[in-house]
Amino acid sequence: MLFNAPLTALLAALSCALWAATAHAEEKPKWELGLGATGLSLPDYRGSDESHVYAFPIPYVVYRGEVLKADREGARAELIDFGDQAHVDLGLNGSIPVSSTKNTARRGMPSLSGAIEIGPALEVHFYRSDSDQVRLKMRVPVTYGITFGSNVGTDGWQASPNLNLDIRSVLGFQGWNLTMLGGPIYATRQRHAYFYDVASQYATAERPAYRATAGYSGAQFVAGLSKRFDRMWVGAFMRYDNLNGAVFRDSPLVKTRSYLAGGLAVAWVLGQSSDMVTVD
């Protein structure tokens, strides 16, 4: 996951809400569209001790195509299918911009632009209970960031392998679904430099020059709880980041090595297709 005030954190909250309502294959609309709103409390970037609250409208989009899909696992295109046990898809995520004038540690430095994250992801299923109440899988997304500010640029590659546990109707509460995932993050020198380098022209007595390296970026843990009603869904998530051992931990821009972020979301389904498809 991403990054400066990560939109992926929002995607984690939204994805948890898009869970199939029954345990077996069934007919569902090929697409569903709706609109909702979310409130998020996120750090300015991983390692920042300053955070902001965001509130904005969100689209609700579900598309159940054979190749293109938008569902609880985000927007993606399935590239290689190895059957029920594994597949490779092309995923899309993003991050929102952060103004350096509003962040004490970065004051006087260039602001962080919003970015689109795109890249392949290997997904391997380890376990699925007979009732489909519990699923355990590994997902290995590798993304490349394209930034959009005054100029289009890049912020390098990142890999974030994680284990993902999904539990339907958790603790017997019908329709309430819990998703938990966790794992390490690794990134290139370019990705770390974008967030943690301090060039000599921006160095001060309190903020010495710094040059980050490639390698371990810390670990992340996310838990999301959601329920889909007839024409409405609600979701909430909490994310914990730990930067102990990260190669950039000594950057003067790293003000905390652990923190919590979270958010709430609600959306209403406004329309759906008359075409039905079989989904698992």
Side-chain angles (χ1 to χ4, degrees), residues 1-2 6 8-26 28 62-64 66-67 69-93 117 119-143 158-186 216-228 233-242 245 260-263 265 278-280:
M1 279 187 190
L2 41 161
T8 321
L10 169 61
L11 297 178
L14 305 188
S15 66
C16 292
L18 302 176
W19 184 281
T22 61
H24 304 289
E26 61 177 318
K28 282 186 168 289
V62 175
Y63 184 76
R64 303 180 176 96
E66 293 185 7
V67 177
K69 300 179 184 295
D71 55 24
R72 67 178 302 276
E73 296 179 8
R76 67 197 188 281
E78 290 195 353
L79 303 178
I80 305 174
D81 190 353
F82 299 104
D84 293 336
Q85 299 304 312
H87 65 263
V88 175
D89 58 45
L90 184 67
L92 182 68
N93 283 317
E117 306 278 336
L122 170 66
E123 185 172 298
V124 180
H125 293 258
F126 293 139
Y127 173 77
R128 178 183 294 185
S129 66
D130 292 338
S131 62
D132 206 25
Q133 293 290 108
V134 179
R135 296 183 183 185
L136 177 65
K137 64 186 177 183
M138 177 183 70
R139 188 167 174 83
V140 187
V142 179
T143 59
Q158 174 174 284
S160 50
N162 61 78
L163 284 177
N164 189 313
L165 178 66
D166 291 322
I167 304 175
R168 299 178 64 252
S169 298
V170 63
L171 299 177
F173 291 97
Q174 187 64 34
W176 286 99
N177 304 303
L178 176 67
T179 293
M180 296 181 290
L181 65 86
I185 303 173
Y186 301 90
Y216 179 61
S217 306
Q220 62 180 356
F221 305 91
V222 179
L225 184 67
S226 67
K227 182 172 182 177
R228 167 72 187 265
W233 62 253
V234 294
F237 84 99
M238 181 167 289
R239 168 179 160 165
Y240 172 73
D241 265 86
N242 190 302
L260 288 172
T278 301
V279 297
D280 183 4

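Quantities reported herein were computed from a predicted structural model and do not represent experimental measurements.
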Can you name the nearest heavy-atom pair linking G175 to K227, along with the distance?
O-CG, 3.4 Å
Measure the spacing between CD of Q85 and CZ of R128 and express it to the nearest 0.5 Å.
8.5 Å
The side chain to side chain contact (heavy atoms under 4.5 Å, CB included) partners of S129 (sequence neighbours excluded) come to Y127, S131, Q133, V134
Under the rule for side chain to side chain donor-acceptor pair (under 3.5 Å), what residues qualify as partners of Y240, not counting sequence neighbours?
N242
Inter-residue atom distance R135.CZ - I167.CD1, 0.5 Å rounding:
13.0 Å
Could you grab the distance from atom CZ of R139 to atom CD of E123, nearest 0.5 Å is fine?
5.0 Å
Report yes or no: does N177 contribute a side-chain atom to a donor-acceptor pair with the main-chain N or O of S169 at less than 3.5 Å?
yes
Roughly how far, to the nearest 0.5 Å, is NZ of K137 from CG of L165?
10.5 Å
Non-neighbouring partners of Y216 that pass ring-ring contact (aromatic ring centres under 6.0 Å, His included), sequence neighbours left out
Y186
Just by distance, with hydrogens left out, do T179 and D166 show a side-chain donor and acceptor under 3.5 Å apart?
yes
Which heavy atom of S160 sits nearest to which heavy atom of I185, and what is that distance?
CB-CG1, 4.2 Å
Considering all heavy atoms, the nearest F126-M138 contact
CE1-CB, 3.5 Å
How many angstroms lie between CG in L136 and CG in L181, if you round to the nearest 0.5 Å?
11.5 Å
M180 to A223 - nearest heavy-atom pair and separation:
CG-CB, 4.1 Å
Looking at every heavy atom in both N162 and P141, which two are closest together, and how far apart are they?
ND2-CD, 4.2 Å
At what distance, to the nearest 0.5 angstrom, does CE of M238 lie from CG of L225?
11.5 Å
